[in-house]
Amino acid sequence: MQSPGNATGARYDSAANRFTIWGNTYDNDRAATLYVTNVATGSSFTHNHGWIGQTSQSTSRAIPSTWKSGQEIRFFICDHSIYDGSERRCSGTAVAWV
């Protein structure tokens, strides 16, 4: 999935139980936050990804080990000001399964 304007993106790899988050902008003033919720348990986490103005930087984040196979997860990503979180642009919500 991608944020509006393709400034950042995220992908879930169910085989590895990991998210990869990347930046697609040369803007030093932008960062990204991934929001993930386990529908079955209601538990959630966020992952912050900052970048220094070059494309193709990525970070990854494993899902919690307590999340079980077959559970539905929902996630979306926002890019925003690296300083105060303003100017937020968010993707729609995607669905995947652990």
Side-chain angles (χ1 to χ4, degrees):
M1 75 170 29
Q2 298 169 338
S3 65
N6 193 29
T8 188
R11 134 178 105 248
Y12 176 64
D13 180 349
S14 59
N17 288 328
R18 294 190 79 78
F19 282 92
T20 301
I21 303 94
W22 64 90
N24 287 326
T25 181
Y26 287 98
D27 187 344
N28 287 330
D29 298 330
R30 304 301 290 173
T33 302
L34 174 70
Y35 299 86
V36 184
T37 300
N38 182 315
V39 175
T41 65
S43 62
S44 62
F45 69 85
T46 60
H47 178 79
N48 295 316
H49 172 70
W51 57 83
I52 56 170
Q54 65 184 39
T55 61
S56 301
Q57 290 184 333
S58 67
T59 57
S60 67
R61 165 77 188 260
I63 64 169
S65 60
T66 56
W67 292 12
K68 303 299 180 195
S69 179
Q71 290 179 327
E72 180 181 334
I73 56 176
R74 296 185 182 197
F75 61 100
F76 64 96
I77 193 161
C78 301
D79 73 284
H80 51 81
S81 166
I82 202 164
Y83 302 109
D84 62 5
S86 65
E87 301 173 24
R88 186 170 297 271
R89 299 179 297 192
C90 297
S91 69
T93 300
V95 176
W97 286 265
V98 176

Exercise for the section: Please check if atom CZ in Arg89 has more than 12 non-hydrogen atoms from other residues, nucleotides or ligands closer than 6.0 Å. Expected result: yes

Exercise for the section: Look at the side-chain heavy atoms of Ile, Leu, Val, Met, Phe, Trp and Tyr, link any pair under 4.5 Å apart, and say whether Tyr35 and Trp22 land in one connected group. Expected result: no

Problem - Exercise: do Ser60 and Arg18 side chains pair donor with acceptor under 3.5 Å - result: yes

Problem - Non-hydrogen atoms of Lys68 and Ser65 that approach each other most closely - result: NZ-O, 4.0 Å

Exercise for the section: Report yes if the side chains of Ile73 and Val95 come closer than 4.5 Å at any heavy-atom pair, otherwise no. Expected result: no

Handout entry: Side chains of Phe19 and Val36 in contact at under 4.5 Å (non-hydrogen atoms)
Key = yes

Practice task
Evaluate the side-chain proximity of Trp67 to Phe45: yes if any heavy-atom separation is below 4.5 Å, no if none is.
Solution key: yes

Fill in the blank from the handout: Rounded to the nearest 0.5 Å, the CD1 atom of Ile63 sits from the OH atom of Tyr12 at a distance of 3.5 Å

Problem - Backbone of Ser43 reached by a side-chain donor or acceptor of Thr41 within 3.5 Å - result: yes

Problem - Sidechain N-carboxylate O distance under 4.0 Å for Glu72, Arg74 - result: yes

Handout entry: Gap separating the CG atom of Leu34 from the CZ atom of Phe76, nearest 0.5 angstrom
Key = 8.5 Å

Completion exercise
Taken to the nearest 0.5 Å, the spacing of Phe75 CZ from Ile21 CD1 works out to 10.0 Å

Exercise for the section: Kindly give the heavy-atom pair with the smallest separation between Ala15 and Asp13, and that separation in Å. Expected result: N-OD1, 3.0 Å

Completion exercise
dist Thr8:OG1 -> His80:NE2 (nearest 0.5 Å) comes out at 8.5 Å

Problem - Test item: Ser91 side-chain N/O and Gln2 main-chain N/O as donor-acceptor pair under 3.5 Å - result: no

Fill in the blank from the handout: Distance col, row Thr46:OG1 vs His49:NE2, nearest 0.5 angstrom, shows 14.0 Å

Practice task
Would you give the length of the straight line joining atom NE2 of His47 to atom CD1 of Ile77, rounded to the nearest 0.5 angstrom?
Solution key: 8.5 Å

Handout entry: Arg30 bridged to Asp79 by N-O distance under 4.0 Å
Key = yes

